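Below is one structure, written out as structure tokens; comments come after it.
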2 protein chains.
Amino acid sequence: MFDKILAHVAKHISLTQEEQQLFTSLLKPRKLLRRQFLVQAGDICRYESFIVSGCLRSYITDADGQEHVLHFAIEDWWISDFGSFLHHTPSQTNIEALEPVETLQLDLASLERLYREIPAFERFFRILHQNAYLAQNERILSGISRTAMERYEAFLKRYPAIAARVPQKHLASYLGMTPVFMSQLRKKRMER
Amino acid sequence: MFDKILAHVAKHISLTQEEQQLFTSLLKPRKLLRRQFLVQAGDICRYESFIVSGCLRSYITDADGQEHVLHFAIEDWWISDFGSFLHHTPSQTNIEALEPVETLQLDLASLERLYREIPAFERFFRILHQNAYLAQNERILSGISRTAMERYEAFLKRYPAIAARVPQKHLASYLGMTPVFMSQLRKKRMER
DNA sequence: AAACGGCGTTAAACTGGTTTAATTTCCCGC
DNA sequence: GCGGGAAATTAAACCAGTTTAACGCCGTTT
């Protein structure tokens, strides 16, 4: 049951048997059906959720009622409304299962206990946040310097598994364009 | 000389006298004139630079020769090409002083030594990266959900000091619009 | 198997933002 | 303080991406 998450953690830090035990004892499993919400806007997001299987999207609904996809997350990734989780403030985002999902959840008190009792976890999450920061930089650059076609093709190249797995309208939203326009881009690519 | 950076670090972690001494002994001062580069594309970015005074921008030049501003940085912030710094790969970005700048620089070996000898620094940089990640999220959201006018006004509200300090063309680039269009937005705001 | 509703596609009108180019203003180096 | 070059402004033509609406294709429900 904990194999996947232990293998994931072992990519960055090594834990003794006892440390593994402590860590896994803090994790609470949670399963979601398709279309079920892990977090809803207005809730306080109480967990960082490690995804054992399945696929989710996080998005916000703006003042005009329009949805904007912030992230996709699949196996071996973590997801949360990070601001809400850290500061116990109401979540801006919704996080919805696009497929049946199994997660392992860690609450803030448990995370802080981990930091205290197994300092290597400071390192582990530092590395995760570093990587997240690098990926975000890429995405920002993409947004200010690339055309819609370039963004679409870059996504296909970098995350082919996700592109094949999520509805196009959500991908279009993630990429900052309309589903109609993305469909036109797909057509142009086919003709080429 | 080290007052500013010690005060900055003290916001997140507490250090003993000896730890402060070790930390500051690893910092190398570097000053830049206006228009001088802290990092040039193609170089390996060997330092995280803490800014004691002055203002810089990081940007990339794309295949068409167009510049795109990724970040501004002022007093009390850190700047680097983080990917280049971490992995010793050639920098994608240029980092240029917009004013005379004083920095304190930390190289990767020193940073790793800090992590080893003062584990609190794992925590310190975890928190910095967490905050960076949150700010990046905001910006991405802004890019996919807001109009140019909304982005401009949000920036003015959040970073008025920077907006007043940097050339408009750089700000326009940061916000993902042309200087000409931003000038039109400014005019509309004045008329209102 | 019929009816329903959500999703992707197509086409056409439209608009927010770009491009180009001319004019003015502002630095700042001498 | 003066001259030159870069930055900001204005106007007009242009284009990338949006909007609206109609249609066809599944997959689900009944």
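Everything numeric in this text was worked out from a predicted model, so none of it was measured. Quick note on labels: first sequence line is chain A, next is B, and so on, each numbered from 1. Computed from heavy atoms alone, side chains included, the values below leave out hydrogens, waters and symmetry copies.
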Inset, instruction - Would you kindly give the CE-to-P distance between Met149(B) and dT18(C), to the nearest whole Å? - result: 13 Å
Inset, instruction - Consider the side chain of Val180(B), meaning its heavy atoms from C-beta on, and name the nucleotide among dG8(C), dA11(C), dT19(C) that approaches it most closely. - result: dT19(C)
Inset, instruction - Tell me whether the centres of the aromatic rings in His129(A) and Phe82(A) are closer together than 6.0 Å. - result: yes
Legend entry - Per Thr178(B) side chain, nearest of listed nucleotides dT18(D), dG17(C), dT18(C): dT18(C)
Legend entry - Proximal nucleotide (of dA11(C), dT18(C), dT9(D)) relative to the Met177(B) side chain: dT18(C)
Inset, instruction - Mind calculating the distance between CG (Leu175(B)) and P (dG17(C)) to the nearest angstrom? - result: 12 Å
Inset, instruction - Would you please indicate if the ring centroids of Tyr174(A) and Phe72(A) are separated by under 6.0 Å? - result: yes
Inset, instruction - Would you indicate, yes or no, if dT18(D) has its OP1 or OP2 atom less than 4.0 angstrom from a side-chain nitrogen or oxygen of Gln184(A)? - result: no
Legend entry - Any Lys188(B) side-chain N or O less than 4.0 Å from OP1/OP2 of dT10(D): no
Inset, instruction - Would you indicate what Pro179(B) reaches in the nucleic acid, counting non-hydrogen atoms under 4.0 angstrom: base, sugar-phosphate, or nothing? - result: nothing
Inset, instruction - Kindly check if the number of other-residue, nucleotide or ligand heavy atoms within 6.0 Å of CD (Glu96(A)) is above 12? - result: yes
Inset, instruction - Starting from C1' on dT25(C), measure out to CZ on Arg186(B) and report it in whole angstrom. - result: 13 Å
Inset, instruction - Round to a whole Å and report the spacing from CD1 of Ile144(A) to P of dT18(C). - result: 12 Å
Legend entry - Residue closer to the 5' end of DNA chain D, Arg35(B) versus Phe181(B) (nearest nucleotide): Arg35(B)
Inset, instruction - Taking Thr24(B) for its side chain and Gln20(B) for its backbone only, find out whether a donor-acceptor pair lies under 3.5 Å. - result: yes
Legend entry - Atom-to-atom span, CE of Met182(A) to P of dT19(D) - whole angstrom: 16 Å
Inset, instruction - Choose from dA12(C), dC28(C), dT9(D) the nucleotide whose nearest atom is closest to any side-chain atom of Arg34(B). - result: dC28(C)
Inset, instruction - Compare the minimum distances between each of dG17(D), dC7(C), dA11(D) and the side chain of Ala148(A), then state the nucleotide with the smallest one. - result: dG17(D)
